[in-house]
Protein chains: 2
Amino acid sequence: MVQSSVSQRVNRSKRLVSIKDIAKEAGVSVCTVSLVMNNKDHNRVSKAVAQKIRATAKNMGYKPNSVARTLRTSKSNTLGFVTDEIATTPYASKVLEGAQDAASKLGYILLTTNTNNDAELENQEISALLRYNVDGFLYAMMFHRKVDIPEVLEGSPTVVVDSEDAAGRVPSVYPDDELAGYDATDCLIKAGCRRIVYYGSATPIVAQGQRLTGYRRALAEAGIPFDDALVVNVLETTNAAAEAARVFDEIKPDGIFCFNDVRATFIYEAARERRVRIGADVSVISIDNQPFITNVIKPSLTTLELPHYEMGFEAVRQLVAILDGDKAVADLESDRGMAVQRQRDGSKTALRCRIIERDSIVL
Amino acid sequence: MVQSSVSQRVNRSKRLVSIKDIAKEAGVSVCTVSLVMNNKDHNRVSKAVAQKIRATAKNMGYKPNSVARTLRTSKSNTLGFVTDEIATTPYASKVLEGAQDAASKLGYILLTTNTNNDAELENQEISALLRYNVDGFLYAMMFHRKVDIPEVLEGSPTVVVDSEDAAGRVPSVYPDDELAGYDATDCLIKAGCRRIVYYGSATPIVAQGQRLTGYRRALAEAGIPFDDALVVNVLETTNAAAEAARVFDEIKPDGIFCFNDVRATFIYEAARERRVRIGADVSVISIDNQPFITNVIKPSLTTLELPHYEMGFEAVRQLVAILDGDKAVADLESDRGMAVQRQRDGSKTALRCRIIERDSIVL
DNA sequence: CTGAAAGCGCTTACAG
DNA sequence: CTGAAAGCGCTTACAG
């Protein structure tokens, strides 16, 4: 056994000071103490007594027991954070960080659990959280998709993070991929590009469709006709290199909007082989902001950042608004929340992606 | 307010079935039910009664209330997971995933909190977890260092993750950086390298010193004299490129062991400029396994992977062993745990880094 | 083999 | 303004 286990175990028996202890010490009843400790003493307890109670509580180092309070009130100030698979994508765990920050500011803590994309395990884990009386759930996915809310969650306030409830019933917070497609394309247009390739994903995920839609909208607004031949959808594992070659050899665009940073590396490689200078001969923009890519490849890649932190933060804000009412979250401000624009449609909240300007766009 | 908030709020009042309900239904007392539900009925409750209780419990969908049990027993089966700053490093949140998996298998759940490297916030957050009666703590850092355990944690069983308790008192689980340095260097030696550069970190973090030590041990074992001139410590932000150039222009090694993948990209760039072929003219190995680097650069980079998942898993295993005894964790097996070798020294557990072979080493 | 009772720490009507 | 009492759901001696 580990060396220090014994000495550590000893301390476990230490009983914390309770409301009863301070009642005895202050010479009042427990209910008076309770009133005061919950700041419900106004016009119910004399100033002097309240004063004394507060003082002795402080002296004795009183900390309210959340477990007891939960049992009594069946309100735990606790949120279940359920993920399908955390962190297969780097930085996706920023979602958790945002959720934790918001929760902390609102007086909540998070019970987190990972379902490994296993429906049975998911059920078990959620049931476990339920037994701990969590007040609500964050149902967080690894990427933007239409998702079915598990049945066990019915009856518990829930907010979906980085996905949309397929049934359209549960509030959902996710990136505005249409706007990201628009912003990225618009950025190229503003840089003077007129022949813009969308180097997209051949997998029909939500982001692909919406980013393409945004691409088309930006073109339309600029009066540039849409040309199907400029849409090149690829798979990282199969035809990405070949299609990147074709982009330069046949299409010869002046701007390229890549679905993500990884795909952009194929464009970079093809450009290098042809001595096409990105940031000088052709402009490139993409989405994801994986610093290990965007800062490492030359020239550094201009890209849009998915609002991971903000999604977590906003989802908690909405969940607590459901739980405790809008006033409870009124003065909650995200440190970085100002960077995103919300776009609401019923119970859906699409968060704008921030653009990170680097050197891959021709000035 | 969000559309569905009202319908969601309604369900909150739903009371779950309790031990009392099933006692009434089965015509027995609550304590008999309690005994049975906790499988303590052997030789204390008749088989028939136990049978009946189990059946009605199942019928009524009984779920034990963990909050009540915690209040009564002051054992919550709950662990506090405290991080300094989650996920500034991609995949570092694998630590959490490993911890969650182990916790789930051992019947624990995690309360997670983020201190943002703020001592005051850290105190608050830990105090909050204490109020929820967590049985113990994981104190998880973002990278391997000597760390001071906050005072609030005293008295609570704690295991440090990805760092070492500076005082040497609290059990600590971290990567075996010395062995990583040894393994990386040894891998180059086995590939025939004799003139091996250690392209390290100019920041004196724990990993730097230990990897260098491992490098020297491997050299010594192979009978290769250590040459201080082959140690090139750099900073990513300042002299990495210049020093990488010097490695090729002056030192001309046949093998390069890079402190991490990001540094390896400087070596790659310098090699490319000089038309030195990595994987053919010179062998390169590094540490981190950031797939976005290692798989993207050509040739793909052979590298060692930090045991993030395993550290989280192992730390929970040790913590629960302290809490519930060694037998409680006896049949816990990590899905991937077999890939690591533990190296124990008192309360310290160093986990081996797995080597991921790719194409940057000359065959 | 089974039940009555106390109690974990707290909150909340209720009575005075 | 203050206190006695009940109860949240459970477990654990104790008695029979």
Side-chain angles (χ1 to χ4, degrees), chain A residues 12-54 56-57 60-78 130-135, chain B residues 12-54 56-57 60-78 130-135:
Chain A
R12 250 227 280 158
S13 59
K14 156 188 83 181
R15 205 179 58 87
L16 293 170
V17 0
S18 77
I19 221 179
K20 199 195 282 180
D21 299 320
I22 98 149
K24 191 184 300 178
E25 182 72 17
V28 295
S29 73
V30 293
C31 61
T32 307
V33 177
S34 176
L35 250 25
V36 172
M37 296 321 296
N38 288 302
N39 295 314
K40 291 180 178 171
D41 55 311
H42 186 62
N43 279 350
R44 312 182 71 192
V45 180
S46 73
K47 286 232 158 148
V49 173
Q51 192 77 41
K52 182 170 190 187
I53 289 173
R54 270 183 246 277
T56 75
M60 301 178 73
Y62 172 70
K63 304 282 177 216
N65 181 322
S66 300
V67 175
R69 181 181 302 189
T70 300
L71 179 59
R72 180 61 232 247
T73 63
S74 64
K75 174 78 161 66
S76 65
N77 275 346
T78 263
L130 247 11
R131 267 181 245 129
Y132 281 95
N133 234 301
V134 296
D135 297 326
Chain B
R12 251 227 280 156
S13 58
K14 157 188 81 178
R15 203 179 60 85
L16 293 170
V17 358
S18 78
I19 221 179
K20 200 195 281 178
D21 298 320
I22 98 152
K24 192 184 300 176
E25 183 72 16
V28 296
S29 75
V30 294
C31 60
T32 306
V33 176
S34 176
L35 250 25
V36 172
M37 296 322 294
N38 288 302
N39 296 314
K40 292 180 177 172
D41 56 311
H42 185 62
N43 279 351
R44 311 182 70 192
V45 180
S46 71
K47 286 231 159 152
V49 172
Q51 192 78 39
K52 183 171 190 186
I53 289 172
R54 271 183 246 276
T56 76
M60 301 178 74
Y62 171 71
K63 304 282 177 217
N65 181 322
S66 300
V67 176
R69 180 181 304 189
T70 300
L71 180 58
R72 180 60 231 248
T73 63
S74 65
K75 174 77 162 65
S76 64
N77 275 349
T78 263
L130 248 11
R131 268 181 246 128
Y132 281 96
N133 235 299
V134 296
D135 297 326

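Proteins come first, then strands; the chains are lettered A, B, ... in the order of their sequence lines, and each starts at number 1.
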(request) Would you mind reporting whether Leu71(A) and Val67(A) have side-chain heavy atoms less than 4.5 Å apart? (result) no
(message) Within the 4.5 Å heavy-atom criterion, are Arg69(A) and Asn38(A) side-chain neighbours or not?
(response) yes
Partners passing side-chain contact (heavy atoms from CB on, under 4.5 Å) against [X] (at least two apart in sequence or in another chain):
X	value
Thr56(B)	Ile22(B), Glu25(B), Ala26(B), Lys52(B)
Val30(B)	Ile19(B), Lys20(B), Ala23(B)
Ala50(B)	Val36(B), Asp41(B), Val45(B), Arg54(B)
Arg131(B)	Lys63(A), Pro64(A), Ser66(A), Ser127(B), Ala128(B)

(request) Could you tell me from which nucleotide to which nucleotide of DNA chain D, 5' to 3', there is an atom under 4.0 Å from chain A heavy atoms? (result) dC1(D) to dG9(D)
(message) side chain to side chain contact (heavy atoms under 4.5 Å, CB included) for Asn65(B) and Leu16(B)? Distances and angles first, verdict last.
(response) CA-CA 9 Å; Asn65(B) 181 322; Leu16(B) 293 170; over 6 Å; no
(request) Check side chain to side chain donor-acceptor pair (under 3.5 Å) between Ser29(A) and all other residues, then give those that pass, not counting sequence neighbours. (result) Thr32(A)
(message) Just to verify, what does Asn133(A) make a side chain to side chain donor-acceptor pair (under 3.5 Å) with, not counting sequence neighbours?
(response) none
Once you apply a heavy-atom cut-off of 4.0 Å, does [X] come out as touching a base, just sugar-phosphate, or nothing?
X	answer
Lys40(A)	sugar-phosphate
Val67(A)	nothing
Arg44(A)	base

(message) Show the nearest heavy-atom pair for residues Tyr132(B) and Thr78(A), with the distance to one decimal.
(response) CE2-OG1, 3.7 Å
(request) Specify the residues of residues 28-35 of chain B, ordered by number, for which at least one heavy atom lies under 4.0 angstrom from an atom of DNA chain C. (result) Val28(B), Ser29(B), Cys31(B), Thr32(B)
(message) As a check on the pairing definition, encode DNA chain D in dot-bracket form, counting Watson-Crick and G-U wobble pairs whose two distances are under 3.5 Å, and using | for partners outside this strand.
(response) |||.||||||||.|||
